[in-house]
Number of protein chains: 4
Amino acid sequence: MILRFQRGTTVRTMQSVRARIESEGLRVFESPETQRPILAIVDKTPPALFKELEARPDVENVAVPKASWRLIAPEYRDSQTRIRLGKVEIGPDTVIVIAGPCSVEGTDTMDEVARKVAKSGAQLLRGGAFKPRTSPYAFQGFGVEGLRQLKDAGEKFELPVVTEIMDASDVGAFLNHDIDCFQIGARNMQNFRLLKAVARAGKAVLLKRGLAATVEEWLYAAEYLAAGGCRDIILCERGIRTFETATRNTLDLTVLPLLREMTHLPVIVDPSHAAGLARLVAPLSRASIAVGAQGVAVEVHPTPSQARSDGPQALLPHELTSLVADARIQAAISGRRLA
Amino acid sequence: MILRFQRGTTVRTMQSVRARIESEGLRVFESPETQRPILAIVDKTPPALFKELEARPDVENVAVPKASWRLIAPEYRDSQTRIRLGKVEIGPDTVIVIAGPCSVEGTDTMDEVARKVAKSGAQLLRGGAFKPRTSPYAFQGFGVEGLRQLKDAGEKFELPVVTEIMDASDVGAFLNHDIDCFQIGARNMQNFRLLKAVARAGKAVLLKRGLAATVEEWLYAAEYLAAGGCRDIILCERGIRTFETATRNTLDLTVLPLLREMTHLPVIVDPSHAAGLARLVAPLSRASIAVGAQGVAVEVHPTPSQARSDGPQALLPHELTSLVADARIQAAISGRRLA
Amino acid sequence: MILRFQRGTTVRTMQSVRARIESEGLRVFESPETQRPILAIVDKTPPALFKELEARPDVENVAVPKASWRLIAPEYRDSQTRIRLGKVEIGPDTVIVIAGPCSVEGTDTMDEVARKVAKSGAQLLRGGAFKPRTSPYAFQGFGVEGLRQLKDAGEKFELPVVTEIMDASDVGAFLNHDIDCFQIGARNMQNFRLLKAVARAGKAVLLKRGLAATVEEWLYAAEYLAAGGCRDIILCERGIRTFETATRNTLDLTVLPLLREMTHLPVIVDPSHAAGLARLVAPLSRASIAVGAQGVAVEVHPTPSQARSDGPQALLPHELTSLVADARIQAAISGRRLA
Amino acid sequence: MILRFQRGTTVRTMQSVRARIESEGLRVFESPETQRPILAIVDKTPPALFKELEARPDVENVAVPKASWRLIAPEYRDSQTRIRLGKVEIGPDTVIVIAGPCSVEGTDTMDEVARKVAKSGAQLLRGGAFKPRTSPYAFQGFGVEGLRQLKDAGEKFELPVVTEIMDASDVGAFLNHDIDCFQIGARNMQNFRLLKAVARAGKAVLLKRGLAATVEEWLYAAEYLAAGGCRDIILCERGIRTFETATRNTLDLTVLPLLREMTHLPVIVDPSHAAGLARLVAPLSRASIAVGAQGVAVEVHPTPSQARSDGPQALLPHELTSLVADARIQAAISGRRLA
């Protein structure tokens, strides 16, 4: 259950209530909410305690979210999450474009891409240093050296950077290179140890939906991050597995408006991996923002045919510029702005 | 293969080439294309004949579509299909909104809905007279009486009407009631006898994608219609079956831009059946048009809670008005207009 | 609800109760059960009537099946359905093998196959006369002539025959040729008009599961048949559509033991269409019978490479003989026998 | 490509060929095959080198497996893999039953279960110490203490033990407790760092198929293990995600006979997680062995209703005894024996 106090309730009062609840052996979390104290009890609350809490005059209401996640439920906050990465704000009022190569492939290419990304008007730079590859013999990324190249390029063009972390033992390297946003990839969405380790790092996290994860499982994975102390969580829809083979995956835009009712977290869309074909990326990006996504993440490469991975789905720089322009229009007609 | 003649080639020349091909025992179709004659050979063309045809001076080029459908392939036309229903044009330059109740439920309700549909700015009226229902004990529609009520309401408010046909034996009743567009439902997409019978009726057809049909199967179903003589075919994506249970179906918007390369036929989207929830319909409609759909088909009811079927997904009339306004904006920013 | 009377209750008593229920405007069906009268009410029973019926001394118990089908529910019978086709019994004590070519292709081939099918020990002969084909240009079967060839071959070798019906208008031809069992194909599982027409024909029906039909939808399709008067219904699992592309479909054997609790109807398995490869058919047949299926339906052809359809999944005659031997063993160890 | 030398070729010759190949910068692996040397080249072999190797008189043949995995391909071995865990042999001639509770829950219960498992005739003991749970608030297992309890119980009843490892940092604890077989769970099938770490541990590995993994991805995950030095790999099918909600997952037995052609590794089936219901486990186990699986892994609990996880799918001890008896029969009729 979630306990929402009256506005004006003091932290001291809230702390005493918290102590009362914990004395029953229940686990309690405090919302970072500033307008009022909010507490989430994650264990089953005994009926007597439930009534006692509900009856307190300083409690405005108690909410029981439909599902059993708590910290990411809308009821745990007074407004949707706003995340700040450098000058970029991700949240209900803004639309972001994250762009970059599938893999970091060397300083020169990385700098060239970053320049184009900055110029296009996109807000964040992406690029894979640790690559999860189906085959053990495929290129597995530049590793820590890739982190350095990505961050250097990001700093040169004032772009916060996002990149995937594949193992708890790499958290230190990510922190050393001041990676702004840690990405949890689709294949690791239920790597619960990794979720716990990344949550402790105190950085923003981009959590991709698993290849065939239900919305419920995805939100529970986000709850793992939240329960571990992470507040800045961005969900990223990237297509699910279906019987249809005409496209690589099927982008599940149907759940986007539903997610808005299930969580206070921002949700973006990665159309590149769903489509698998660059020419589908622009229309799918427009559709994503039209349906309510807070942004898109796309792949871009100066010469896609030479990319070390996923070339067929990479945009050319001028296509990215056009995509950002479209995003600006879609943001505007929905009363938002590019971040 | 598809044989595209030079512009200016006479019908007489084309007919003699056609006779030549048929003399080899191959089946040939003539395109309705006005800019030049185009022939499609649907059987495998022997290499010698292929070369002979390709070498003719009056042949501009021969095309071999990637898939083995012919009459719906882009190569069979010089431009995308334009369909006219009354004053409404469906095609590359326009966006349409089809609206109406799930089931026709009586003259009064039908008239009330039709008035609201007309007022909202939607272009076509829908409503089910023959209802395919999972259970044999569920309401199966008003049948022929429903056709009459629907058509009457359409005439009163100058809206062409679309409704589902479930069996070849009903073609006569549909023609008698001058139904403007025959809908083939998802469950009948591969009811090949029905496709053949409907094709012969000479009316426009709205072909829904099967519940779990691949794009390829869907296009072959359209080819059945085309091979039977039907030219005015509208494809309708309505969501596919996936493991996700948060929504009724998963709208497959990912294939929309791909369909543009696979066929000259217009494609619209039915977000009501995919979402199963009225409040998801507006954002999904925006996304559908943003991704390139030529229209949307939605359900509307004056009092959804009293609808005889699918109430939870029906819009209120004022929500339809707002949806049409959104469609107008999305049409405009993509260089199109409401039909 | 289902009303089970005490053993020994007279038909007269039952009829008066039936009249009482119908006087409330509810639709009632009588079970063919011989051990006692059983009635199924398919509309929602008002609470007062429910109590009244439950309280009658001649009523042993009232059952409310979990799902809202009635006539195919286990509660509607005292034992599982037994179907007799010629000398063959299909039901809880027996295992059947249905075999034959994908398409009927001519008298000579048909006779040759039938001879081999009879010799192998299989009990029923199959072969498609009307073929549902994805492409309008593919071979669509020999039609009525195919029915004749199939039936002639069946009579020559004393094998009852099973073949697919695709349209209500063919029922007459099927009856004229004395087809023993009408097959409803996967693509027509929810062709509700066809289900109603076939039910009226009074013959046994083999109902294939739709390409992506849920078990619930499949059972409702069977209920359409039952509500139309058909008693001899055989369900046939043939693989469902999944993301896996290594095989044509994924045979859903997981639901087989569950079906036993959901219906009194026999269930068989068609492993040929699921696998798409002949060499997978034998092990999948063994698994089907091991998991509880009452039989299998497989394709066989003297020279698969020359089959007009689905050659790659057809067994050779000697492979069929071996498959029947395996079926006999699996039947024996589960306390059953070949039919 | 895979290079198969003549029988009798010396290790010295093979080593010189290997050096020749490596001098071209290609990665080479040596098969543990005893009948002849076999080398696998995992990078693309230049045509000239390919011809040179093929032409050598001591090379019997070069094979290019259909897919690009190498070390798990049938061509890399002269016979199917045989794995020995204590006295138990897993391979082409045997059938195994792995049984135990979903979670290790305390010494007493563990010992009781182990006694029953041993008595039933099952060969291996399973039990989860580290539990991957969808919710962060659910019971996450006893951790290292659970490893100890499981191993103690295994030793007491002479049963080798299998348990899931969730993170590379736990490899030490697994080795300290002499866990006989490390299980990689479905959610971690593509946790590539974990695969690499576990491969280095030198123990047998049970690799579950991912929740919606294709066979191809699953085999590549096994190749990660093999490339990291692991030879004793057991594949475990556990059901895939489909649209069907009647059962928890859909067991994909259709691919079992196909896997036999794709790899030399043993494959077992876990019917408990697919079915989600204990009463489906026995028939699905019979089907699994009938279709060719080398064993099954099932859950058992003395009082399922009190199990800390997955109670509804746990067998009672006497049901396990019956399941082992069935497995013995299915093994016998396919010319195999219980391990």
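What you see below is based on every heavy atom in this structure, not just the backbone, and it leaves out hydrogens, waters and symmetry mates. Chain letters run A, B, ... following the sequence lines, proteins first, then strands; residues in each count from 1.
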For A:F182 and A:F174, take the angle between the two ring planes, folded into 0 to 90°, and tell me which bin it lands in: parallel under 30, tilted 30 to 60, perpendicular over 60. tilted
Are any of the side-chain heavy atoms of A:I234 and A:I90 separated by less than 4.5 Å? yes
Taking the side chain as every heavy atom from C-beta outward, state whether C:L316 and C:P304 have any pair of such atoms under 4.5 Å apart. yes
Within residues 286-300 of chain A, contacts to chain C at heavy-atom distances under 4.5 Å involve none
Residues from residues 239-265 of chain A approaching chain C under 4.5 Å (heavy atoms): A:R241, A:T242, A:F243, A:T245
Determine whether a donor-acceptor pair (N or O, by modelled atom type, separation under 3.5 Å) exists between the side chain of [X] and the backbone of [Y].
X      : Y      : answer
C:W218 : C:L235 : no
A:E223 : A:L71  : yes
A:R70  : A:A67  : yes

Yes or no on salt bridge (charged side-chain N to carboxylate O under 4.0 Å, His left out) for A:R308 and A:E105, after CA distance, side-chain angles and deciding distance? CA-CA 7 Å; A:R308 295 198 64 163; A:E105 300 178 351; 5.8 Å; no
So, using side-chain contact (heavy atoms from CB on, under 4.5 Å) as the criterion, who are the partners of C:P312 when residues are at least two apart? none
Using ring pair (Phe, Tyr, Trp, His ring centres under 6.0 Å) as the criterion, list what pairs up with C:F50, not counting sequence neighbours. none
